[in-house]
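Below is one structure, written out as structure tokens, with a few remarks after it.
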Number of protein chains: 2
Amino acid sequence: MARSPSASDADHSATAKLPAEGTQARRFGKTRSAQSTALLEDYVELIADLLAGEGEARPTDIARRLGVSHATAIKSISRLKRAGLATARPYRGVFLTDKGRALADRVRVRHRLVVDVLQALGVPSEAAEADAEGIEHHVSETTLKAFAQFLKARG
Amino acid sequence: MARSPSASDADHSATAKLPAEGTQARRFGKTRSAQSTALLEDYVELIADLLAGEGEARPTDIARRLGVSHATAIKSISRLKRAGLATARPYRGVFLTDKGRALADRVRVRHRLVVDVLQALGVPSEAAEADAEGIEHHVSETTLKAFAQFLKARG
DNA sequence: TGCAAAGTGTAGCTTAGGTTACACTTTGAC
DNA sequence: GTCAAAGTGTAACCTAAGCTACACTTTGCA
Ligand SMILES: [Mn+2]
Ligand SMILES: [Mn+2]
Ligand SMILES: [Mn+2]
Ligand SMILES: [Mn+2]
């Protein structure tokens, strides 16, 4: 088609609000990759909590808490194993590897921080908890630092 | 297996940090459904921006800005059509329906607000823009109101 | 001691979202 | 006017994540 120059060249756009193509693509790409790790993060966080709270993490408990079928949970646990985050033997519950425990720790801290910031901004606690469950996976290290700073400065 | 009572009954857990099963399941379910609309939201927002800035929204431009192949963009545009958010005729670009425009407006306002709050918290602008691209899809109406309130109160 | 209920695992299906490869339109430039 | 390059559409394939249905283990309790 040999790309018409009429509406696309340079920056003479009406509102001048579109970011550079590559910049925008990089941002969306980051978001997509965050989504692909979100599920792993939620699983390891939950498994760590169950292990700490109940002494064991069983597929059915995990499934019930996530609101999915046990079959779905079991398949995701396989993905955790493939990713080197968890171990599990048939009928014997799920455990975290060192790597899984390390991830769970980071994820738990981040979750807490996101909830605290939301509440500091005046978000009611149930909304803060619910929204944090999704937001946490998209908060970069840079943003995390700013959050910590903000909470500290604010007492 | 008849569920052993030993470690699961009541609330006598060690750390007492786990939310009620149903509450937690509801939160995770909300997050999952937000993820399923995130892609639609990003597409309509981008299409609206392209229409405003360039006068047209073509599959290849959309694909380049999202950082995906044009084939992927075209398939997602089909999903937008199925959802009643967009129209498109072969080789003729993409347009938004009234519903699509309305969604784009809401999404743009929300995107802006999230970026502004992040920056107000001290997040550098590129990180704010990048993180907002993911965060925005998980911000509830309740949280949105709190954000607006916070920005107003703070000048 | 056994057996039913609960839990676990697997198979088969679906949708979403991504890819590459290839064929078909469109259109600006010559 | 032609025609090549750019854009568009479609097919075939992949993985992730969800589901239901069904078969197999485990284990508390009668
Ligand atoms: Mn989460
Ligand atoms: Mn979490
Ligand atoms: Mn977005
Ligand atoms: Mn956005």
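The chains referred to below are lettered A, B, ... by the order of the sequence lines, with proteins before strands, and numbering in each begins at 1. Values in this document were obtained by computation on a predicted structure and should not be read as measured data.
- Among residue pairs with one or both ends in residues 25-34 of chain A, those qualifying as side chain to side chain donor-acceptor pair (under 3.5 Å) are Arg27(A)-Glu126(B); sequence neighbours excluded.
- Applying the salt bridge (charged side-chain N to carboxylate O under 4.0 Å, His left out) criterion to Glu45(A), with sequence neighbours excluded, gives no partner residue.
- Using a cut-off of 4.0 Å between Lys/Arg side-chain N and Asp/Glu carboxylate O, Asp61(A) and Arg58(A) are scored as not salt-bridged.
- Here the nucleotide nearest the side chain of Thr72(A), chosen from dG9(D), dT26(D), dG18(D), is dG18(D).
- For Glu54(B) and dG7(D), the CD to C1' distance is 16 Å, given to the nearest whole Å.
- Atom C1' of nucleotide dA6(D) and atom OH of Tyr91(B) are separated by 11 Å, given to the nearest angstrom.
- For residues 115-144 of chain A, the ring pair (Phe, Tyr, Trp, His ring centres under 6.0 Å) pairs, not counting sequence neighbours, are His138(A)-His138(B).
- Here the nucleotide nearest the side chain of Ser76(B), chosen from dG18(C), dT20(C), dT26(C), is dG18(C).
- Separating the CD atom of Glu56(A) from the P atom of dT27(D) is a distance of 10 Å, rounded to the nearest angstrom.
- Of all nucleotides listed (dC19(D), dG9(D), dT19(C)), dC19(D) comes nearest to the side chain of Val68(A).
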Side chains of residues 94-108 of chain A: which donor-acceptor pairs under 3.5 Å do they make with residues two or more places apart or in other chains?
unit_1: Thr97(A); atom_1: OG1; unit_2: Gly84(A); atom_2: O; d: 2.8
unit_1: Thr97(A); atom_1: OG1; unit_2: Leu85(A); atom_2: O; d: 3.2
unit_1: Thr97(A); atom_1: OG1; unit_2: Lys99(A); atom_2: N; d: 3.4
unit_1: Thr97(A); atom_1: OG1; unit_2: Gly100(A); atom_2: N; d: 3.0
unit_1: Asp98(A); atom_1: OD1; unit_2: Arg101(A); atom_2: NH2; d: 2.7
unit_1: Lys99(A); atom_1: NZ; unit_2: Ala83(A); atom_2: O; d: 2.9
unit_1: Arg101(A); atom_1: NH1; unit_2: Leu96(A); atom_2: O; d: 3.2
unit_1: Asp105(A); atom_1: OD1; unit_2: Arg108(A); atom_2: NH2; d: 2.9
unit_1: Arg108(A); atom_1: NH1; unit_2: Asp49(A); atom_2: OD1; d: 3.2

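- Listed nucleotides dT26(C), dG18(C), dG7(C) differ in distance to Arg64(A); the shortest reach to its side chain belongs to dG7(C).
- Val114(A) shares a hydrophobic cluster with Leu113(A), Val117(A), Leu118(A), Leu121(A), Val123(A), Ile135(A), Val139(A), Leu144(A), Phe147(A), Phe150(A), Leu151(A), Leu113(B), Val114(B), Val117(B), Leu118(B), Leu121(B), Val123(B), Ile135(B), Val139(B), Leu144(B), Phe147(B), Phe150(B), Leu151(B); the chain of contacts runs through ILVMFWY side chains whose heavy atoms sit under 4.5 Å apart.
- OP1 or OP2 of dA16(C) lies within a sub-4.0 Å distance of a side-chain N or O belonging to Arg82(B).
- Taking 4.0 Å as the cut-off between side-chain N and carboxylate O, Glu133(A) and Arg110(A) do not count as a salt-bridged pair.
- A sub-4.0 Å separation between OP1 or OP2 of dG18(C) and a side-chain N or O of Ser69(B) is absent.
- At the phosphate of dG9(D), neither OP1 nor OP2 sits under 4.0 Å from any side-chain N or O atom of Arg92(B).
- Position along DNA chain C of the nearest nucleotide to Pro59(A) versus Leu39(B) favours Pro59(A) as the more 5'-ward residue.
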Provide a list of protein-nucleic acid N or O atom pairs under 3.5 angstrom, restricted to nucleotides 10-13 of chain C.
none

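- Distance from the side chain of Arg58(B) is smallest for dG7(D) among the nucleotides dG18(C), dG7(D), dC19(D).
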